[in-house]
Each structure stands twice: as structure tokens, then as C-alpha cells.
Amino acid sequence: MNSAADKLSNTKLDKKRPIVTKWTQGQHRQDSIMKWVFVASAALVSAIIFSIIVFVGMQGIKTFQGVSPLEFFLSTDWTPGQNKFGALPFLYSTLLMTLVAVVFSVPLALSGALFMAKIAPNWMREIMRPATDLFVGIPSVVYGLIGMTVIVPALGKITGGIGYGILPAAIILAIMILPTILSISEDAIRSLPTRLEEASLALGATRWQTMWRVLLPAARPGILTAIILGMGRAIGETMAVFMVIGNSPQMPKSLLDSTTVLTTAIVKDMGNTNYGSTWNNALYLMALLLLVISLSLILIIRIVAKRSELK
């Protein structure tokens, strides 16, 4: 009796055990290999990014061997021939240009996102969304060429000046970052639950009040993410800005004064410096500032996304 009971229990246990075949063993082996491939790829990418930050940082910090931090960050005199490296005009112009570009771009992008998400019929959206995404694929030099041949002369005729400065650069950047902000904002609005809109309309709110007071606040995390990504694109843009900003190393007094930002200063001067010189190290330090600003924007995106998840 005991032997029969043991056979019965063993048979039940065998039925519960998964059947391991050569095919499943091969699949497990492939899964294990791909897992380590992905881990190695992630580690390699992290190591490359970390190496770039360390190299640029170590090279940039050497600037302070010949220039004091106060002079570099607070001085407005950039005269490398006299060993004067004040980068305040570049940093100020970068932040001002980015802010103006965002001010120009955000209202248009949010209006377009609301229109395509809640107003436009499906057939129109199917046409407008790909058309908007096409702007992302246009090379930046094309934007710069249009700005140099159309926007700069137009501003020169209107103001009576040369037309170069932060304003034309901000206009070009506003057009360049518009598709990014619009696409992400539209996705954020369309992903909202329909019950929010239905509840607002049921309470007597108009369609405009629903979009302005309900949908936009509810989609705020996604919209902020879109704006921050657009700012990152604007801060890192080089060629289009280089062609319309004027490239004078001075503190701008107005939006139509010729000036220089961090990216264009690096491009303009890097070919004229010797590696290891104070001038060269100052350019690496400006590159480090760009990396720090970009990493800060990514960190802000993470914080915004985390707060939205907690809600």
C-alpha cells in the first residue's frame, strides 16, 4: 500500500514539474546571454558618459590655474589676448535666448496641442501631426540660413540696425523646439481620462473653460516635461544660432545687440586655441557648464515625473 501511495504522489509531483526540453534550455540560454548583453551595453554607455563628464570637467577646472572663479563667472571682459576670460556675457545670453525662445514657442505649442487633441477632426489630425513632426528632421543649418536671409534683414529694416542678436536666434529656436513641445503636450492631453472632461461639461463648464481650467492643469507634468526638453534643445543648439546671433563677445543691452552664447563661443574659438592653454581650458569649462545645465534639466524632468506618479 505504501509503495502504491508513493508512486501516486511521485506521479502528481512529476505533473507539477515543468518539462525541460532542449528547446527550452536553448531559450533560457539565449535569455541569459541577452540579459548580460543589455547589462554590458548599459554599463558601456554609462561609462562613456561618465568619462566624457570627467574629461571635460578635469580639463575645464584647469582654467582656474590662470583665472580666478570670480573673474570667470562674474567678469564681462572676454579678451583672450590679454589673458582675460570673463564668461558672464555668454552664460547670460544663453539663458536669455532660451527664455525668449520658450516664451515665443510655448503659447503656440500649447494652442496647437489643444487643437489637435480636442478640436481637430481625425482626418485633419492625421495630416497635421506628421507635418509638425517634419520640422524635427530639418537640419539646423537650414533654419540658420533662413534666419540669416529672411529674419535678420527684416529685423534690420524694422529697427534700423544690423538685425543680428538674441531676437532672431530666439525666433529660430522657437520654431525648432515647437514640434517637441507640441507633440509631447498633445500626448499628455490625449492620455488624460475622459471622465475629467465629461465631469467638467456635466457641471456646466464651457468647452474652453474645460480645456483651460481642467485639461491643462491635469496635463501639467507632461507639459512641463515637454517645455524642459525644448529648453534642452534650445540651449544645445549651435549652428542655427551661430549664423544669426552676431558672435560678438559682449554683454547684450537689448535683444538686437550682437552677442555670443556658450555653444557658439566654443565653436568660434576652439580652432584658434592650443590644447592645454588657459583659453582652451576656458572653452572646456564652458562645455562643462552646458553639461551641468543639461543634466539639471534631466533631473528636473525626473522630479516632475516622480511627483506626477505620486499624485
| task | Please report the C-alpha distance between T273 and N280 in whole Å, then the side-chain angles of each, then the deciding distance to 0.1 Å, and finally whether the side-chain hydrogen bond (donor to acceptor under 3.5 Å, both in side chains) criterion is met. | result | CA-CA 6 Å; T273 63; N280 184 266; 3.1 Å; yes
| query | Transitively linked via ILVMFWY side-chain contacts under 4.5 Å: I162 with I171? | reply | yes
| Looking at CD1 of I189 and CG of L216, how far apart are the two atoms once the value is rounded to the nearest 0.5 Å? | 5.5 Å
| When rounded to the nearest 0.5 angstrom, what distance separates CG in L283 from CD1 in I266? | 6.5 Å
| field | Check: T132 side chain, P179 main-chain N or O, donor-acceptor pair, under 3.5 Å | value | no
| said: Among residues at least two apart in sequence or on other chains, which ones pass side-chain contact (heavy atoms from CB on, under 4.5 Å) with V45? | reply: I49
| task | Would you give the length of the straight line joining atom OG of S75 to atom CG of L88, rounded to the nearest 0.5 angstrom? | result | 8.0 Å
| Would you say L256 and P168 make side-chain contact, with heavy atoms under 4.5 Å? | yes
| query | Do I48 and L44 come within less than 4.5 Å of each other through their side chains, counting heavy atoms only? | reply | yes
| Considering all heavy atoms of both residues, which atom of E186 and which atom of A117 are nearest to each other, and what is their separation? | CG-CB, 4.0 Å
| Do side-chain atoms of T79 reach the backbone of Q82 as a donor and acceptor pair under 3.5 angstrom? | no
| field | For F104 against P107, the heavy-atom pair lying closest together | value | O-CD, 3.9 Å
| query | More than 12 heavy atoms of other residues, nucleotides or ligands under 6.0 Å from CE of M270: is that the case? | reply | yes
| request: Indicate yes or no for a side-chain donor-acceptor contact from S93 to the backbone of F90 under 3.5 Å, with no hydrogens or angles considered. | output: no
| request: Take atom CZ of F64 as the centre, draw a 6.0 Å sphere, and report whether it contains more than 12 heavy atoms from other residues, nucleotides or ligands. | output: yes
| Between the side chain of E126 and the main-chain N/O of W123, is any donor-acceptor distance below 3.5 Å? | no
| Looking only at heavy atoms, which two atoms of W279 and W78 are closest? And how far apart? | NE1-CZ2, 3.7 Å
For residues 227-246, tabulate all N or O donor-acceptor pairs below 3.5 Å that involve a side-chain atom, not counting sequence neighbours.
residue	atom	partner	partner atom	Å
E237	OE2	S140	OG	3.3
E237	OE2	M239	N	3.4
E237	OE2	A240	N	3.4
T238	OG1	G236	O	3.4

| task | Report yes if some heavy atom in the side chain of I166 is under 4.5 Å from a heavy atom in the side chain of T259; otherwise report no. | result | yes
| query | So with a 6.0 Å cut-off around CG of N122, is the heavy-atom count from everything else above 12? | reply | no
| remark: Between I181 and A109, the two heavy atoms sitting closest are CG2-CB, 3.5 Å
| query | Any side-chain heavy atom of M176 sitting closer than 4.5 Å to one from F135? | reply | no
| query | Tell me, do L288 and L285 make a side-chain contact under 4.5 Å, heavy atoms counted? | reply | yes
| query | Could you give the distance from OG (S105) to CG (L178), rounded to the nearest 0.5 Å? | reply | 4.5 Å
| query | Should the heavy atoms of other residues, nucleotides or ligands under 6.0 Å from CZ of F115 be counted, would the total exceed 12? | reply | yes
| message | Would you say F72 ends up clustered with M58 if hydrophobic residues are merged whenever their side chains have heavy atoms under 4.5 Å apart, either directly or through other cluster members? | response | no
| Do the side chains of M97 and V100 get nearer than 4.5 Å, heavy atoms only? | no
| field | Closest heavy-atom pair and its distance - G222, A188 | value | CA-CB, 3.9 Å
| Are any of the side-chain nitrogens in R129 or D133 under 4.0 Å away from the carboxylate oxygens of its partner? | yes
| message | For F85 versus V67, what's the shortest heavy-atom pair and its separation? | response | CD1-CG2, 3.4 Å
| Carboxylate-amine/guanidinium proximity below 4.0 Å for E197 and R207 | no
| Taking a hydrophobic cluster as the set of Ile, Leu, Val, Met, Phe, Trp and Tyr residues connected by side-chain heavy atoms closer than 4.5 Å, whether directly or through intermediates, do V150 and Y164 fall within one such cluster? | yes
| Worked verdict on E71 versus K84 for side-chain contact (heavy atoms from CB on, under 4.5 Å) | CA-CA 8 Å; E71 179 183 352; K84 295 181 179 179; 4.2 Å; yes
| Interatomic spacing from CG in L201 to OG1 in T206 - rounded to 0.5 Å | 8.5 Å
| task | May I ask whether V103 and L173 are part of the same hydrophobic cluster, defined by side-chain heavy atoms of I, L, V, M, F, W, Y residues being less than 4.5 angstrom apart, directly or through others? | result | no
| field | Sidechain-backbone polar pair: S200 side chain, L196 backbone, donor-acceptor under 3.5 Å | value | no
| task | Give a yes or no answer on whether the side chain of T260 reaches the backbone of S248 with a donor-acceptor pair at less than 3.5 Å. | result | yes
| request: Evaluate the criterion side-chain contact (heavy atoms from CB on, under 4.5 Å) for residue pair L215 and K118; output intermediate values, then yes/no. | output: CA-CA 10 Å; L215 298 183; K118 295 299 178 182; 3.8 Å; yes
| task | Starting at CG of L224, measure out to CZ of R220 and round the result to the nearest 0.5 Å. | result | 7.0 Å
| query | Side-chain heavy atoms under 4.5 angstrom apart, residues restricted to Ile, Leu, Val, Met, Phe, Trp, Tyr: same cluster for V267 and V141? | reply | no
| request: Would you indicate whether the side-chain heavy atoms of Y275 and Y284 approach each other to under 4.5 Å? | output: yes
| task | Flag the pair R213 / W208 as yes when at least one side-chain heavy-atom distance between them is below 4.5 Å, and no otherwise. | result | no
